[in-house]
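The structure presented is a predicted model; accordingly, all values stated were derived computationally and were not measured.
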Amino acid sequence: MTNLEKYVKAFAEALEVPENEVPALKYGESSQWDSVGHMTLIAALEDAFGIMVDMDDIIDLSSFEKGKEILRKYDVEI
């Protein structure tokens, strides 16, 4: 499984949305991505990539695309 596939799967499972809807997701724009969903997503990303996301990055994670940028800080290329 590629990093992109793991990334999409983490979003889809954590937020309980179909994988084809994942690229358009933004925090607060869907009922699934609320504060609880956000923390579930962070945990899923940490598990998928074996990383620990720091608090500033948790706060900055606001969209599918922004998440890709953040993961680069942890040497995860999507």
Query raised in the report: Do Glu69 and Arg72 meet the salt-bridge criterion of a basic N to acidic O distance under 4.0 Å?
Result: no

Report summary line: Closest non-hydrogen contact found for Lys66 with Asp60 is CG-O, 3.3 Å

Output side-chain donor-acceptor pairs under 3.5 Å for residues 38-51, partner residues at least two apart or in another chain, one line each.
| residue | atom | partner | partner atom | Å |
| --- | --- | --- | --- | --- |
| His38 | ND1 | Trp33 | NE1 | 2.9 |
| His38 | NE2 | Ile58 | O | 2.7 |
| Thr40 | OG1 | Val36 | O | 3.0 |
| Glu46 | OE2 | Val53 | N | 2.8 |

Query raised in the report: Taking all non-hydrogen atoms of both residues, which atom of Asp34 and which atom of Tyr27 are closest, and how far apart?
Result: O-CE1, 3.5 Å

Query raised in the report: Got a second to check how far Lys6's NZ is from Met1's CE, nearest 0.5 Å?
Result: 8.0 Å

Report task. Find out whether Tyr74 and Asp57 are in side-chain contact, i.e. whether some heavy atom of one side chain is under 4.5 Å from a heavy atom of the other. Result -> yes

Query - All salt bridge (charged side-chain N to carboxylate O under 4.0 Å, His left out) counterparts of Glu5, not counting sequence neighbours - result: none

Query raised in the report: What distance do Ile78 atom CD1 and Leu4 atom CG have between them, rounded to the nearest 0.5 Å?
Result: 6.5 Å

Query - Separation of Ser62 OG from Ile70 CD1 (nearest 0.5 Å) - result: 7.0 Å

Query raised in the report: Between atom CG of Asp75 and atom NZ of Lys73, what is the distance when rounded to the nearest 0.5 Å?
Result: 12.5 Å

Report summary line: Glu19 meets the side-chain contact (heavy atoms from CB on, under 4.5 Å) criterion, sequence neighbours left out, with Val8, Lys9, Ala12

